[in-house]
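Throughout, numbering of the chain's residues begins at 1 and tracks the sequence.
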Amino acid sequence: MKLAGIVRRIDELGRIVVPKEIRKTLHIKNGENLEIFIEDDKIVLKKYSELGNMQELSDTISETLNSNLKANVLISDTDNFISISGPLKKKYLNEEISETILKYINDRKNVILKDKQVNITKDKTENKNIFISPIISSGDAIGSIVVISDKELTSCNVESINLLSKVLAKHIES
């Protein structure tokens, strides 16, 4: 466990302030949820991922898209890739998404990048056809479906990916 060297007092209501430096390092924004665990004699705070709790559905969607599109399918929350199908699985699974991908998620618009070099993680790029469909749940941008393909996607492919983004969002809302 890394030590931050920061001590905080618990107030009379049992609250504690997570220091700005730690929130910045872990990309925790105001209003985001944290999970609280007890591990031996420690209290562990972990950034909560709504998509991370839907592993089985995310895996099913990525595998279905992969088998139909014959392309790499990566599903992310706003921090990491949580489900991947295709040859790039070992390269990207559980890796932190790049600032570029996060920007596209936060822009809340579908993005089609044709034969353009794109940072997928901080230090790994792909130079193929890339489609990014943000997952928007209850008005919040919570993740994305990223398709990396050697061939261009058809409009029917794009609509299918968008539909499955909405399925993930609806499942979270219910």
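At distances below 3.5 Å, not a single donor-acceptor pair connects side-chain atoms of Asp40 with backbone N or O atoms of Lys42. No donor-acceptor distance shorter than 3.5 angstrom exists from the side chain of Asn129 to the backbone of Lys114, with no hydrogens or angles considered. Lys70 contributes a side-chain N or O that, together with a main-chain N or O of Ser67, makes up a donor-acceptor pair within less than 3.5 Å. In this structure, Asp11 contributes its side chain and Leu13 its backbone to a donor-acceptor pair below 3.5 Å. A distance-only check finds a donor-acceptor pair linking the side chain of Ser98 to the backbone of Ile101 [under 3.5 Å]. Side-chain N or O atoms of Glu99 include none that pairs as donor or acceptor with a backbone N or O of Thr121 at under 3.5 Å.
For the atom pair Lys128 NZ and Asp115 CG, the distance stands at 10.5 Å (nearest 0.5 Å). Note: Lys170 NZ to Ser165 OG = 13.5 Å, rounded to the nearest 0.5 Å. Interatomic distance, CD1 of Ile148 versus CG of Asn72, reported as 6.0 Å (0.5 Å rounding). How far OG1 of Thr78 is from CG of Asn106: 7.5 Å, rounded to the nearest 0.5 Å. If you take CG on Leu164 and CD on Glu159, they are separated by 11.5 Å, rounding to the nearest 0.5 Å. Taking CG of Asp59 as the start and CD1 of Ile75 as the end, the distance is 7.5 Å to the nearest 0.5 Å.
Annotation: side chain of Leu45 is in contact with side chain of Val18 (closest heavy-atom distance under 4.5 Å). Side-chain contact between Val146 and Val73 is absent, with no heavy-atom pair separated by less than 4.5 Å. When side chains are defined from C-beta on, Ile22 counts as touching Pro19, because their heavy atoms get closer than 4.5 Å. With contacts defined as side-chain heavy-atom distances shorter than 4.5 Å, the pair Val44/Ile38 does not qualify.
Of the options Ser144, Ser58, Ser83, a side-chain contact (heavy atoms from CB on, under 4.5 Å) to Ser76 is made by Ser144 and by none of the others. Exactly one residue among Ile145, Asn66, Ile120, Ile130 makes a side-chain contact (heavy atoms from CB on, under 4.5 Å) with Leu74. That residue is Ile120.
Using a 4.0 Å cut-off between a side-chain N of Lys or Arg and a carboxylate O of Asp or Glu, Lys24 and Glu21 do not qualify as a salt bridge. Between Glu126 and Lys91 a salt bridge is recorded (basic side-chain N to carboxylate O distance below 4.0 Å). Between Glu95 and Lys124 a salt bridge is recorded (basic side-chain N to carboxylate O distance below 4.0 Å).
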Practice task
Decide yes or no on side-chain contact (heavy atoms from CB on, under 4.5 Å) for Ile10 and Arg15, but give the supporting numbers first.
Solution key: CA-CA 5 Å; Ile10 296 176; Arg15 297 176 297 197; over 6 Å; no

Problem - side-chain contact (heavy atoms from CB on, under 4.5 Å) evaluation trace for Ile161 with Leu69 - result: CA-CA 10 Å; Ile161 298 163; Leu69 301 175; 3.9 Å; yes

Handout entry: CA sep, side-chain torsions, deciding dist, call: Arg8, Ile6, side-chain contact (heavy atoms from CB on, under 4.5 Å)
Key = CA-CA 7 Å; Arg8 295 290 173 158; Ile6 301 171; 3.7 Å; yes

Practice task
Quick one: do Thr125 and Gln117 satisfy side chain to side chain donor-acceptor pair (under 3.5 Å)? Show the steps, please.
Solution key: CA-CA 6 Å; Thr125 63; Gln117 189 162 351; 3.0 Å; yes

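There is no side-chain donor-acceptor pair under 3.5 Å between Ser137 and Asp140. Side chains of Asn162 and Asn110: a donor on one and an acceptor on the other come within 3.5 Å.
Contact detail for Ser149 and Ala71: the closest heavy-atom pair is CB-CB, 3.7 Å. The two residues Asn80 and Glu96 have their closest heavy-atom pair at OD1-CA, 3.2 Å. The two residues Tyr104 and Ile132 make their nearest non-hydrogen contact at CD1-CD1, 3.4 Å.
Note: the hydrophobic cluster containing Ile97 does not contain Leu65 (ILVMFWY, side chain heavy atoms under 4.5 Å, direct or indirect links). Under the 4.5 Å side-chain heavy-atom criterion for ILVMFWY residues, a single connected hydrophobic cluster contains both Ile28 and Ile43. Hydrophobic clustering (ILVMFWY, side-chain heavy atoms < 4.5 Å, transitive): Val111 and Ile136 are in distinct clusters. Cluster annotation: Phe131 and Ile135 are assigned to the same hydrophobic cluster (Ile/Leu/Val/Met/Phe/Trp/Tyr, side-chain heavy-atom contacts under 4.5 Å, transitive). One hydrophobic cluster, built from ILVMFWY side chains closer than 4.5 Å, cannot hold both Ile142 and Phe81; they sit in different ones.
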